[in-house]
Enquirer: 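Submitted below is the structure of interest, expressed as structure tokens.
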Amino acid sequence: MEEQPDLVEACVEKWDFNWLLHRATQRVGAAYAEEIAKFGISLRGQLVLQALANEELQRTQLKLGAMLGLDKTTLTSELDKLERAGLVQRVPDPSDRRVRTPVITDKGRELQKEAGDALAEVDRAFQARFTHQEMVIIRKALQDLSRGEGPMHGSCI
């Protein structure tokens, strides 16, 4: 999407810290979203698949949601999409039929790996704009800002 000159000019006065972080987030997020869309899933879907692929112990939906910072409704919606695509299945707990444990399928594991590799390339392209020393500083600054003060709100994505 090409920027509109009037919009850019109007934003030039907003080049404060908050605006710069917001604009950088928009650009990076758009690049990631465009890439992951090629795989037929969302960034949040990839996050769920990644968590399931990297888990040595299975987690219930409730625990998975807590780990990812996703509320029950959001996680259920994402799992529904992933399940329809054959990427995950929800296995009922034998001792409590109300509890479901999401499990990644072989198809899901394969897609997660391919999508993860593609997103890593997007990441590398952004990082290539900076020297190694600059990336160390940027990463540290962003980690410090992310930790912040008080409770964390929102999901990992």
Enquirer: Measure the NE2-CG distance between His22 and Asn18 for me, rounded to the nearest 0.5 Å.
Expert: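 Answer for the NE2-CG pair, His22 versus Asn18, is 8.0 Å.
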Enquirer: Just wondering, are more than 12 heavy atoms of other shown residues or ligands nearer than 6.0 Å to CD in Glu34?
Expert: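 For Glu34, atom CD is not crowded (no more than 12 foreign heavy atoms under 6.0 Å).
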Enquirer: Among residues at least two apart in sequence or on other chains, which ones pass side chain to side chain contact (heavy atoms under 4.5 Å, CB included) with Ala31?
Expert: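 Here the qualifying residues are Val122, Phe126.
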Enquirer: Among residues at least two apart in sequence or on other chains, which ones pass salt bridge (charged side-chain N to carboxylate O under 4.0 Å, His left out) with Asp123?
Expert: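 Expected list: none.
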Enquirer: Side chains of Thr101 and Leu64: closer than 4.5 Å at any heavy-atom pair?
Expert: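 With C-beta onward as the side chain, the pair stays apart.
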Enquirer: Which residues pass the side chain to side chain contact (heavy atoms under 4.5 Å, CB included) test with Ala118, sequence neighbours left out?
Expert: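 Checked Ala118 against side chain to side chain contact (heavy atoms under 4.5 Å, CB included); matches are Glu35, Phe39.
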Enquirer: Among Ile, Leu, Val, Met, Phe, Trp and Tyr joined by side-chain contacts under 4.5 Å, find the other residues sharing a cluster with Val99 and list them by chain and number.
Expert: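 Other cluster members: none.
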Enquirer: How is the hydrophobic cluster of Ile137 composed, in terms of its other members, when Ile, Leu, Val, Met, Phe, Trp and Tyr link through side-chain heavy atoms under 4.5 Å apart, directly or indirectly?
Expert: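 Traced through the cluster, Ile137 reaches no other member.
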Enquirer: Taking atom CD of Gln89 and atom CG of Leu79, what is their separation to the nearest 0.5 Å?
Expert: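 One finds 12.0 Å between CD of Gln89 and CG of Leu79.
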Enquirer: Once side chain to side chain donor-acceptor pair (under 3.5 Å) is applied, what residue pairs with a partner in residues 66-79 remain, sequence neighbours excluded?
Expert: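 Those involving residues 66-79 are Ser42-Glu78, Asp71-Thr74.
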Enquirer: Taking the side chain as everything from C-beta on, heavy atoms only, tell me whether Val28 gets closer than 4.5 Å to Tyr32.
Expert: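 In short, these two side chains touch, coming nearer than 4.5 Å.
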Enquirer: What pairs with Arg129 under salt bridge (charged side-chain N to carboxylate O under 4.0 Å, His left out), at least two apart in sequence or on another chain?
Expert: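 Salt bridge (charged side-chain N to carboxylate O under 4.0 Å, His left out) check on Arg129 returns nothing, list empty.
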Enquirer: Would you check if Val48 and Ile41 make a side-chain contact, meaning some heavy-atom pair closer than 4.5 Å?
Expert: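 Val48 does not reach Ile41 side chain to side chain.
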Enquirer: How about Val136 and Phe130: do any of their side-chain heavy atoms sit closer than 4.5 Å?
Expert: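 The answer is no; the side chains never approach within 4.5 Å.
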Enquirer: Go through the structure and list residues passing side chain to side chain contact (heavy atoms under 4.5 Å, CB included) with Thr25, not counting sequence neighbours.
Expert: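 With sequence neighbours excluded, Thr25 shows a side chain to side chain contact (heavy atoms under 4.5 Å, CB included) to no residue whatsoever.
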Enquirer: If you look at every heavy atom in Ala53 and Ile104, which pair is closest and at what distance?
Expert: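 The answer is CB-CD1, 4.0 Å.
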Enquirer: Within the structure provided, determine whether Leu49 and Leu111 are in side-chain contact (heavy-atom separation under 4.5 Å).
Expert: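 Touching, per the 4.5 Å side-chain cut-off.
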Enquirer: Test: side chain to side chain donor-acceptor pair (under 3.5 Å). Region: residues 104-115. Which pairs qualify, not counting sequence neighbours?
Expert: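 Listed once each, the pairs are Lys113-Asp117.
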Enquirer: Do Met67 and Val88 belong to the same hydrophobic cluster, where Ile, Leu, Val, Met, Phe, Trp and Tyr are linked whenever their side-chain heavy atoms lie under 4.5 Å apart, directly or via other members?
Expert: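 Same cluster: Met67 reaches Val88 through Ile, Leu, Val, Met, Phe, Trp or Tyr contacts under 4.5 Å.
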Enquirer: Hey, mind stepping through Leu119 and Leu43 against side-chain contact (heavy atoms from CB on, under 4.5 Å) and telling me if it holds?
Expert: CA-CA 10 Å; Leu119 291 177; Leu43 284 171; 4.1 Å; yes
Enquirer: Between atom CG of Asp93 and atom OG1 of Thr60, what is the distance when rounded to the nearest 0.5 Å?
Expert: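 Reported value, rounded in 0.5 Å steps: 8.5 Å.
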Enquirer: Which value, rounded to the nearest 0.5 Å, describes the distance between Leu75 atom CG and Arg44 atom CZ?
Expert: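 Result: 9.5 Å between the selected atoms.
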Enquirer: Go through the structure and list residues passing salt bridge (charged side-chain N to carboxylate O under 4.0 Å, His left out) with Glu121, not counting sequence neighbours.
Expert: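 Testing Glu121 for salt bridge (charged side-chain N to carboxylate O under 4.0 Å, His left out), a comparison that skips the adjacent residues, returns Arg124.
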Enquirer: Of the non-hydrogen atoms in Leu68 and Ala51, which two are nearest, and what is the gap between them?
Expert: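 Scanning both residues, the minimum pair turns out to be CD2-CB, 4.0 Å.
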Enquirer: Give a yes or no on this: more than 12 heavy atoms of other residues, nucleotides or ligands lie within 6.0 Å of atom CG of Leu21.
Expert: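 Enclosed.
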Enquirer: Would you name the heavy atoms of Ala115 and Ile36 that are closest together and state the gap between them?
Expert: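 Nearest pair, atom of Ala115 first, then Ile36: CB-CD1, 3.5 Å.
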Enquirer: Side chains of Leu142 and Ile138: closer than 4.5 Å at any heavy-atom pair?
Expert: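 Side chain of Leu142 against side chain of Ile138, heavy atoms only: contact under 4.5 Å found.
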Enquirer: My understanding is that only residues two or more places apart in sequence, or in another chain, count here; which of them pass side chain to side chain contact (heavy atoms under 4.5 Å, CB included) with Gln143?
Expert: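 Testing Gln143 for side chain to side chain contact (heavy atoms under 4.5 Å, CB included), a comparison that skips the adjacent residues, returns Arg139, Arg147.
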Enquirer: Can you list the residues that meet the side chain to side chain donor-acceptor pair (under 3.5 Å) rule with Arg97, with sequence neighbours excluded?
Expert: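 Partners of Arg97 under the side chain to side chain donor-acceptor pair (under 3.5 Å) test: none.
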Enquirer: Are Val91 and Leu82 linked, directly or through other ILVMFWY residues, by side chains that come within less than 4.5 angstrom of each other?
Expert: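 No; Leu82 is not reachable from Val91 via cluster members.
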